Amino acid sequence: MEDRVCDELREFNRIYKEFDDLWHETALHIGLSDSAFDILYSVYCLGDGCLQRDICALSFGRKQTINSAIQKLVKEGMLLMKQGKGREMHIYLTEEGKDFVKQKVEPLVEIENSVWKEMPLEERQELIRLTKQYVDGYHAKIRMLIADH
């Protein structure tokens, strides 16, 4: 029984790693770092004027990593930042950024959406439910392990 569980987890982890590698290869293919790709993808999905915290939440990136990549994209002329309320900085695509996103990022989002939509609704919902169940269970056990030490 234990060997079977180990084999199943190995396959689950392999699939997760394959998806992560595919995301990385996609970013490299269009000439971006993973972080820059995550940011432009997020701005495309969230819309102009989004906040850094929204990008962090959507991309699951660390605040410092996202901030550094945003600053680099600003220097490269892809993004600009405008002051909002308090310390909020709104992030916008420049014309160059809009052109790049239209040519390179939008087609990838469309591919992702089309693959997702090819799955029946019930299967998509089940995939989400089961993955969340696994992550929640793993998270709870890790918290217990940390609390015990």
Side-chain angles (χ1 to χ4, degrees), residues 8-147:
E8 290 169 352
L9 278 172
R10 189 176 303 118
E11 180 63 5
F12 180 82
N13 290 330
R14 184 197 65 74
I15 292 167
Y16 174 82
K17 177 75 170 116
E18 184 178 351
F19 186 74
D20 192 52
D21 289 348
L22 183 58
W23 194 259
H24 174 72
E25 288 173 28
T26 302
L28 289 179
H29 174 73
I30 62 173
L32 296 172
S33 68
D34 291 357
S35 297
F37 180 52
D38 287 345
I39 290 163
L40 294 177
Y41 178 97
S42 296
V43 173
Y44 174 82
C45 292
L46 295 167
D48 263 346
C50 63
L51 301 172
Q52 179 175 317
R53 72 172 171 258
D54 300 327
I55 293 171
C56 290
L58 183 62
S59 69
F60 306 101
R62 297 182 193 275
K63 184 178 178 183
Q64 185 56 45
T65 303
I66 297 298
N67 185 58
S68 297
I70 287 171
Q71 297 307 319
K72 188 170 187 281
L73 288 167
V74 167
K75 287 178 185 170
E76 293 172 357
M78 301 283 268
L79 297 176
L80 61 92
M81 299 176 73
K82 293 183 183 176
Q83 185 71 44
K85 294 179 183 177
R87 295 178 55 195
E88 289 182 347
M89 294 296 287
H90 294 269
I91 300 162
Y92 296 86
L93 292 167
T94 62
E95 286 306 314
E96 181 181 345
K98 288 177 185 176
D99 290 343
F100 184 88
V101 166
K102 182 84 173 147
Q103 293 174 15
K104 303 288 185 174
V105 176
E106 187 176 302
L108 299 171
V109 173
E110 289 172 357
I111 288 169
E112 184 179 41
N113 288 339
S114 72
V115 169
W116 187 254
K117 289 177 186 175
E118 288 172 6
M119 295 172 62
L121 175 62
E122 299 78 23
E123 289 181 8
R124 297 190 314 250
Q125 291 172 335
E126 186 70 355
L127 178 60
I128 291 168
R129 186 188 70 75
L130 291 171
T131 305
K132 182 175 178 358
Q133 178 182 332
Y134 177 77
V135 170
D136 289 349
Y138 189 87
H139 192 255
K141 291 188 186 287
I142 291 295
R143 274 186 294 194
M144 287 181 357
L145 176 70
I146 291 170

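Small disclaimer: the values here were computed from a predicted structure and weren't measured.
- Under the 4.5 Å side-chain criterion, counting only non-hydrogen atoms from C-beta, K72 is not in contact with M78.
- Smallest separation of non-hydrogen atoms from K102 and P107: O-CD, 3.5 Å.
- In this structure, the ring pair (Phe, Tyr, Trp, His ring centres under 6.0 Å) partners of F12, at least two apart in sequence or on a different chain, are Y134.
- In this structure, the separation between CD on E110 and NZ on K117 is 9.5 Å, given to the nearest 0.5 Å.
- In this structure, the separation between CG on L51 and CE on M89 is 10.5 Å, given to the nearest 0.5 Å.
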Using atom types as modelled, flag every donor-acceptor pair under 3.5 Å from a side chain in residues 29-39 to any protein atom, sequence neighbours excluded.
{"unit_1": "S33", "atom_1": "OG", "unit_2": "A36", "atom_2": "N", "d": "3.0"}
{"unit_1": "D34", "atom_1": "OD1", "unit_2": "H24", "atom_2": "ND1", "d": "2.8"}
{"unit_1": "D34", "atom_1": "OD2", "unit_2": "H24", "atom_2": "ND1", "d": "3.1"}
{"unit_1": "D38", "atom_1": "OD1", "unit_2": "W23", "atom_2": "NE1", "d": "2.9"}

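- The distance from the CD atom of E106 to the CG atom of L40 is 13.0 Å, given to the nearest 0.5 Å.
- Listed by first and then second residue, the side-chain hydrogen bond (donor to acceptor under 3.5 Å, both in side chains) pairs involving residues 44-62 are R53-E88 (not counting sequence neighbours).
- Side-chain contact check for I70 versus I55: some heavy-atom pair is nearer than 4.5 Å.
- Of all non-hydrogen atoms in K63 and C56, the two that sit nearest each other are CA-SG, 3.7 Å.
- When all heavy atoms are compared, the tightest approach of C45 to L58 is CB-CD2, 4.0 Å.
- Rounding to the nearest 0.5 Å places CG of L22 at 7.5 Å from CD of E18.
- Here the CZ atom belonging to R14 is positioned 11.5 Å from the CZ atom belonging to R10, to the nearest 0.5 angstrom.
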Practice task
Test side-chain contact (heavy atoms from CB on, under 4.5 Å) on V101 and V43 and set out the steps.
Solution key: CA-CA 9 Å; V101 166; V43 173; over 6 Å; no
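- No side-chain heavy atom of L79 sits under 4.5 Å from any side-chain heavy atom of T94.
- S114 and I111 make their closest contact through OG-O, 2.9 Å (heavy atoms, listed as atom of the first residue, atom of the second, distance).
- L73 CG to E76 CD: the interatomic distance, rounded to the nearest 0.5 Å, is 5.5 Å.
- Considering only heavy atoms from C-beta on, T131 stays 4.5 Å or farther from Y16 through its side chain.
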